[in-house]
Trainee: 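Here it is: the structure, laid out below.
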2 protein chains.
Amino acid sequence: MRQQLSSVANSPAAFRELCAAHGLAVTHQRQIIYQALMAMHDHPSPEAVYEQVRAEIPSISLATVYKTIHTFLEAGLIQEVSIHHGTLRIEANREPHYHLICSECRSVSDLDETLVSPIRVQGKLPRGFEVRKFALDVIGLCAACRAKSKKQ
Amino acid sequence: MRQQLSSVANSPAAFRELCAAHGLAVTHQRQIIYQALMAMHDHPSPEAVYEQVRAEIPSISLATVYKTIHTFLEAGLIQEVSIHHGTLRIEANREPHYHLICSECRSVSDLDETLVSPIRVQGKLPRGFEVRKFALDVIGLCAACRAKSKKQ
DNA sequence: CTAGATGCAAACAGTTTGCGTCACT
DNA sequence: AGTGACGCAAACTGTTTGCATCTAG
């Protein structure tokens, strides 16, 4: 399931190799977008990637950036920062608790804090950062989605 | 900072009390929305709340539901499921890691897994749920935002 | 040569805003 | 009586889609 690649350097050759490993066509746009992503060490929005890439390819369209990001996500070349992007979701449960998420159907259920080993930060955080709380998502497959994916 | 209330039951009287404690006007719409939220034990979107509330107040507007949800969020009567609702954010870092989030400026930085005590689920999950990974957000205030809030 | 990638514009979903009217305090 | 909550419609933002054209394999 996981591909081991001989190079992870951010070079055109490495990118061709990555694409080959995932069965993706190598296009100029994809190459530049990939380069931009590797160079941006924050957690950019598609819009931010678009701005960055336009420096190289002024004629690129935002739609292409979106499509390419989805392609890269599916191939596992990049990740989303959170499974919860999109619509606002609210809850009335004011007790501290975590969430159990099915990555397939996106269902969310509550998970009592006491069911998880206590979380402690042991290392050095950026100076001055004041921790207020932990938000933990336990991500996996719910029984229903597991059954569905087995069938195929 | 935190209000202790003599009743948490979902009654009109309790709601009046809650509103009084938070300085909110008590309106019919707010009352019905609050009731609906308490009755919905999943993690509804504003749209879903709207649908639910329309059963009671057919003439209510979606804008009111949004405004009320924000009011309740600010007052702390309800919570958002994730701090990451909204725009898609992506990252090239494919190593397993967590995130450090400033709740004020919403900045995101990476946090190595090894800096956090190992996470283990100790209790019973819903039968058949297959855990794949943990997504942990360490939420707090970054140095800059802490300085800013102290000034005021 | 052909499947699929790109660019454009239009469509869409979720959310916010301005404003006139109405209701709580 | 006055502040602010409501309802409506229009505006806005982020994202997707249909389609004609172009390009990698």
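Order of the sequence lines fixes the chain letters, A, B, ..., with proteins taken first and strands second; residue numbering starts at 1 for each chain.
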Trainee: Do any pairs count as a side-chain hydrogen bond (donor to acceptor under 3.5 Å, both in side chains) and have a residue in residues 64-77 of chain A, sequence neighbours left out, and if so which ones?
Mentor: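 Qualifying pairs, neighbours excluded: A:Ser61-A:Thr64.
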
Trainee: Within this structure, what is the SG-CD distance for the pair B:Cys19 and B:Gln31, rounded to the nearest 0.5 Å?
Mentor: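 Output value for this atom pair is 8.0 Å.
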
Trainee: Give the minimum heavy-atom separation between B:Ile33 and B:Val65, together with the two atoms involved.
Mentor: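 What the structure gives for the nearest pair is CD1-CA, 4.1 Å.
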
Trainee: With B:Ile139, which residues qualify under side chain to side chain contact (heavy atoms under 4.5 Å, CB included), at least two apart?
Mentor: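 For B:Ile139, the residues satisfying side chain to side chain contact (heavy atoms under 4.5 Å, CB included) (neighbours in sequence not counted) are A:Lys133, A:Ala135, B:Ile83, B:Ile101, B:Ser103, B:Asp137.
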
Trainee: Could you check how far CD of A:Gln31 sits from C1' of C:dA5, rounded to whole Å?
Mentor: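 About 15 Å, once rounded to whole Å.
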
Trainee: Under a 4.0 Å N-O cut-off, is there an ion pair linking B:Glu91 with B:Arg89?
Mentor: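 No, this pair does not count.
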
Trainee: In residues 35-61 of chain B, what residues come within less than 4.0 Å of DNA chain D, judged by heavy atoms?
Mentor: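 Going residue by residue through residues 35-61 of chain B, the ones with a heavy atom under 4.0 Å of DNA chain D turn out to be B:Ser59, B:Ile60, B:Ser61.
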
Trainee: To the nearest 0.5 angstrom, please state how far the CD1 atom of A:Ile119 sits from the CZ atom of B:Phe134.
Mentor: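 If we round to the nearest 0.5 Å, A:Ile119:CD1 and B:Phe134:CZ are 9.0 Å apart.
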
Trainee: What is the distance from CZ of A:Arg30 to C1' of C:dG7, rounded to the nearest Å?
Mentor: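 Computing the A:Arg30:CZ to C:dG7:C1' distance gives 14 Å.
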
Trainee: Hey, does the side chain of B:Thr71 come within less than 4.0 Å of D:dG4's phosphate (OP1/OP2), counting only N and O?
Mentor: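 The answer is no; no side-chain N or O of B:Thr71 sits under 4.0 Å from OP1 or OP2.
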
Trainee: Find the distance B:Leu73:CG to C:dT16:P and express it as a whole number of Å.
Mentor: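 Going from CG in B:Leu73 over to P in C:dT16 covers 10 Å.
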
Trainee: How many angstroms lie between atom CG of A:Leu88 and atom OG of B:Ser45, to the nearest 0.5 angstrom?
Mentor: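 Here the interatomic distance stands at 8.0 Å.
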
Trainee: Can you pull out the residues from residues 80-90 of chain B that lie within a 4.0 Å heavy-atom distance of DNA chain D?
Mentor: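 DNA chain D contact set from residues 80-90 of chain B: B:Thr87, B:Leu88.
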
Trainee: When every nucleotide of nucleotides 18-25 of chain C is labelled 5' to 3' by its protein contacts under 4.0 Å (heavy atoms), B for base, S for sugar-phosphate only, - for none, what sequence of letters results?
Mentor: B-----SS

Trainee: Specify the separation, in whole Å, of atom CG of B:Leu62 and atom C1' of C:dG14.
Mentor: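 Roughly 9 Å, once rounded to whole Å.
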
Trainee: What distance do A:His43 atom NE2 and B:Ile90 atom CD1 have between them, rounded to the nearest 0.5 Å?
Mentor: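 Separation between the atoms: 10.5 Å.
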
Trainee: Using the side chain to side chain donor-acceptor pair (under 3.5 Å) rule, pick out the option among B:His99, B:Glu95, B:Arg94 that qualifies with B:His97.
Mentor: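 Of all the options given, the one that passes is B:His99.
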
Trainee: Could you tell me which residues satisfy side chain to side chain contact (heavy atoms under 4.5 Å, CB included) with A:Arg54, sequence neighbours excluded, listed by chain and number?
Mentor: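 Once residues adjacent in sequence are excluded, the partners of A:Arg54 under the side chain to side chain contact (heavy atoms under 4.5 Å, CB included) criterion are A:Tyr50, A:Glu51, A:Ile60.
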
Trainee: Using 0.5 Å steps for rounding, measure from the OG atom of B:Ser109 to the OH atom of B:Tyr98.
Mentor: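 Between atom OG of B:Ser109 and atom OH of B:Tyr98 there are 15.5 Å.
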
